[in-house]
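The block underneath contains the structure these notes are about, expressed in C-alpha cells.
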Amino acid sequence: MAAPAIPLGEEKAIFRVCPVTRLRVDLAAERMIIANATVAVIFLLVGGVMGLLLALTRWEAVHLLPATWYYRLVTGHGFNMLVAWIVFFEVAGLYFGSTVLLNARLASPWAARLAFALMLLGALLVNGIVLAGRADVMFTAYVPLKAHPLFYLGVILFALGALIAVALFFANLLIARLEGRYTGSVPLVVFGLATAAIIATYTLLSGAIAFIPAFFWSLGWLRTYDPGFYRNLFWGFGHPAQQINLAAMVAVWYALAAITVGATPINEKLCRLAFVLYILFINLGAAHHLLVDPGLSFAWKMFNTSYAMYLAVLGSLIHAFSIPAAVEVALRRQGYRRGLFEWLRRAPWQEPGFAALVVSMVLFGWLGGVSGVIIGTEQLNMQFHNTLAVPGHFHATVVGGTTLAFMGLTYYLIPLIFRRELRLKRLASYQPYVFGFGMLLLILGFLFSGTLGVPRRDWAVFKTPAAFSTLIPESAQLTLAMAGIGGVIAAIGGAMFILIVLSSVLTGTVQEARSLRLVAVSPADPPEAAETAHEEPRGTFVIVLAFLAFFILAYFRNWWLLGFRSWLVH
C-alpha cells in the first residue's frame, strides 16, 4: 500500500499540537513569533521611558529635559513607539495568523530570519544615531531638516525587512491554501491581519519613495530635495502607518472577544466588508496633515477629508457595533439575560484580555475616533493643526487603542506560544485599568491643551526664551499638568506590563497552554448562527446610541468653537 503523499515542503516543517486549541504550531514559525514579540516589548520599554521623560518636560511645573534632549527624544520616542514596537509585534501577529491559526507552516524560515535581522539592524541604527545627537529631526524629519545618512538608512532597512515579512505572510496564506489547510475564506481574525498587510504594502513602499531620496540628499548625492514633495510622500507613509495598526488592532479585538467570552460576530460578512472599506478609503485620512500646505486644490482637500474619508469611518462604526454586540450575545447565551446590562455587569472584568479589549475600544473610539474625524474635517482642522490636540488624537489611537490591545493579546501568547505560565495574574488583572487611566488623563490633557492653542512640539510654552510673547492662557498650565500626571500613571501601567511579561517568560513554569479559550479564531470553530439568532444585543444598541450622541455633540461643539473664534477675530 502506497504511503500518503506529503505536500510540497511539509516534510521540512516540524509541528507540535496545542493541547487547548488543538492547533498545529510550526516550530519555525513559533521561534520567529517569539523573536519578534520579544524585541517588540524591548522597544516598548525604550520608547516608554522616552515618553515618560517627554511628558515630564511638557508638564512645565517640572520641565525636566533641556531643549536639546527634548527634541532628541521626540525623534526617538516617535520611532520606537509608532514604528519599532508596533511593527515588530504586528509581524509576530502576521506569522501567528498565517501559520498557527491556519494549522499551516512557515513558507520560508530563512526569509523570516532575514526580515527580522533587517528590521532589528534598522531599528538599532536609528536609535544609535538619534541618541548620538545626529538626527534631531523629530519623527517626521521634515526637509530641510537633515539627519545623518545612517538615520535614513536605518529607516529604509527597517521598512525593507517589514516588506519581506508582509510578503512572507501572503506566501504563508498561499501555501496554506495549496496544502488544503483551510477552505473558503480565511477566519475573520486572519482576514483583518490580511487587511493590515495590504495597507502595510503600499504604506512601506510610500515610505521608501520618501526616504530613499532623503538618504541620497543627506549623502550629498542630491543637491536639493523639495520640502513640499517630501511632505506629500512622507504622509503616504506616516499616517497610513497608523492605519496598519488600526486594522491589526481590530483583528486583535475580535480575537480577544473570542478568547475571553467566546464571542462570534453576528454578521461576519458585514465585518469583512468593514475591513474592505479600510483598504479602499482609510489612507485618505492622511490628508489632514496637508490641509494647510500650498499646491493642493480645494477640491482635493474637500474630497479627501469628507466624502471619501467617511466611508472609512463607516467601517470603524461597523466594528464599533459588531464587537460589543458579539460580546453581549455571547454573555447572554451564558445566562446573563436580565435587563439591558446584566451581561455587562457580569462580564469577566478581572480577565486582563477582556479589560484590555474594553478600555482599548473606549479610548480608541470615544477619544481617538471622534477627535480624528474632527481633526480630519478641513475647516475644523484649522484650529487644531500642529497643536497638542494632534498628539492627543494619535495617543488615543496608537497608545490607548493599539498598544493596549496588543498588551491584552500578549497575556495569551505567553502560555500559547512561549509555553510559560502567566505569572503575577492579579497584577495583570489591574494593569489595563492603570495604563488606560493614565492614558485617559494624558489624552484629555493634550486635547484640552490643543484647544487652548498649545503648540504641538514646542519645548516650552510659558518658559520660552523667545523674544515674542505667547497668547496661551494660563489655564493651559492645568491641562499640561493633567497630561504630565497621566504620563506618569501610564508609565506605571507600562512598567506593570513589562514586569508581568519578563516574570512570566523568564521565571514562569514551563508548561503547555492550559487556561486559554481560543474558541472562535480557528476555522475549526465557525460561528453558529442558530445559537445567536434568538439573542438580541439590545444593550449594545443603547451604548452605540450614547456614543453617536457624544460624537455629534463633540463635532458641533468644535464648529461652535470655530465660529466663536471667528467672531472674536472680527
Side-chain angles (χ1 to χ4, degrees), residues 140 199 231-232 234-236 238-243 245-246 274 277-278 280-320 362-398 400-401 443-444 446-457 479 544-570:
T140 49
I199 297 173
R231 280 174 60 88
N232 276 271
F234 176 83
W235 286 116
H239 195 275
Q242 294 189 45
Q243 316 308 346
N245 307 335
L246 168 62
L277 291 175
Y278 282 167
L280 296 177
F281 301 106
I282 194 67
N283 269 8
L284 301 177
H288 83 75
H289 293 281
L290 305 172
L291 291 179
V292 300
D293 285 21
L296 299 173
S297 69
F298 174 76
W300 183 91
K301 294 176 181 179
M302 281 298 296
F303 179 79
N304 282 278
T305 59
S306 57
Y307 305 106
M309 190 185 71
Y310 294 155
L311 292 173
V313 174
L314 174 62
S316 292
L317 291 176
I318 291 172
H319 293 307
V362 169
L363 292 178
F364 182 92
W366 290 69
L367 296 180
V370 172
S371 63
V373 174
I374 292 170
I375 292 173
T377 303
E378 183 180 16
Q379 296 88 340
L380 297 179
N381 182 270
M382 299 302 108
Q383 64 182 342
F384 293 113
H385 186 81
N386 270 346
T387 70
L388 203 54
V390 176
H393 157 67
F394 63 69
H395 276 78
T397 57
V398 178
I443 293 161
L444 290 177
F446 279 3
L447 290 174
F448 292 153
S449 297
T451 302
L452 296 173
V454 175
R456 174 176 178 178
R457 292 176 170 132
T479 58
V544 169
L545 288 179
F547 168 74
L548 291 176
F550 172 79
F551 196 151
I552 293 169
L553 289 174
Y555 191 74
F556 284 102
R557 170 196 175 269
N558 283 278
W559 276 107
W560 174 86
L561 185 59
L562 179 64
F564 180 71
R565 286 178 172 171
S566 300
W567 176 79
L568 286 178
V569 170
H570 290 88

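On a predicted model such as this, the values are computed, not experimentally measured, just so you know.
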| request: Write down the atom of Ser449, the atom of Thr479, and the distance for their closest heavy-atom approach. | output: OG-OG1, 2.7 Å
| Would you call Thr397 and Leu367 a side-chain contact if the rule is heavy atoms closer than 4.5 Å? | no
| query | Does some side-chain heavy atom of His393 sit less than 4.5 Å from a side-chain heavy atom of Val373? | reply | no
| ring-ring contact (aromatic ring centres under 6.0 Å, His included) involving His319 - partner list, sequence neighbours excluded | Tyr254, Phe275, Tyr278
| message | Is there a side-chain contact between Trp366 and Val370 in this structure, where contact means two heavy atoms from C-beta onward sitting under 4.5 Å apart? | response | no
| field | Heavy-atom closest pair, residues Gly368 and Ser371 | value | O-OG, 3.1 Å
| Given the rule in the side-chain contact (heavy atoms from CB on, under 4.5 Å) test, do Phe448 and Val454 qualify, once you have shown the distances and angles that lead to the verdict? | CA-CA 9 Å; Phe448 292 153; Val454 175; over 6 Å; no
| query | Of the non-hydrogen atoms in Thr387 and Gly450, which two are nearest, and what is the gap between them? | reply | OG1-CA, 3.6 Å
| field | Minimum-distance pair of heavy atoms, taken over all atoms of Leu246 and Ser316 | value | CD2-OG, 4.4 Å
| Test item: Val390 and His385 side chains (from C-beta on) under 4.5 Å apart, heavy atoms | no
| field | Arg457-Thr140 side chain donor-acceptor pair, cut-off 3.5 Å | value | yes
| Under 4.5 Å between any side-chain heavy atoms of Phe547 and Leu317, yes or no? | yes
| note | When every non-hydrogen atom of Pro240 is compared with those of Gly236, the smallest separation belongs to CG-O, 3.2 Å
| field | Test ring-ring contact (aromatic ring centres under 6.0 Å, His included) applied to Phe394 - qualifying residues, sequence neighbours left out | value | none
| task | Determine the minimum heavy-atom distance between Ile375 and Ala389, stating which atoms define it. | result | CD1-O, 3.9 Å
| Under 4.5 Å between any side-chain heavy atoms of Leu277 and Leu314, yes or no? | yes
| query | Is the closest side-chain heavy-atom distance between Tyr555 and Thr377 below 4.5 Å? | reply | yes
| Could you state the interatomic distance from CH2 (Trp559) to CD (Gln383), rounded to the nearest 0.5 Å? | 9.5 Å
| query | Short question: side chain of Asn245, backbone of Val398 - any donor-acceptor pair under 3.5 Å? | reply | no
| message | Within this structure, what is the CD1-CD1 distance for the pair Ile282 and Ile199, rounded to the nearest 0.5 Å? | response | 7.0 Å
| message | To the nearest 0.5 Å, what is the distance between CZ on Arg557 and CZ on Phe550? | response | 10.0 Å
| Spacing of CD belonging to Gln379 relative to CG belonging to Asn558, to within rounding of 0.5 Å | 12.5 Å
| salt bridge (Lys or Arg N to Asp or Glu O under 4.0 Å) partners for Arg231, two or more places apart | Asp293
| query | Is any side-chain heavy atom of Leu280 closer than 4.5 Å to a side-chain heavy atom of Leu311? | reply | no
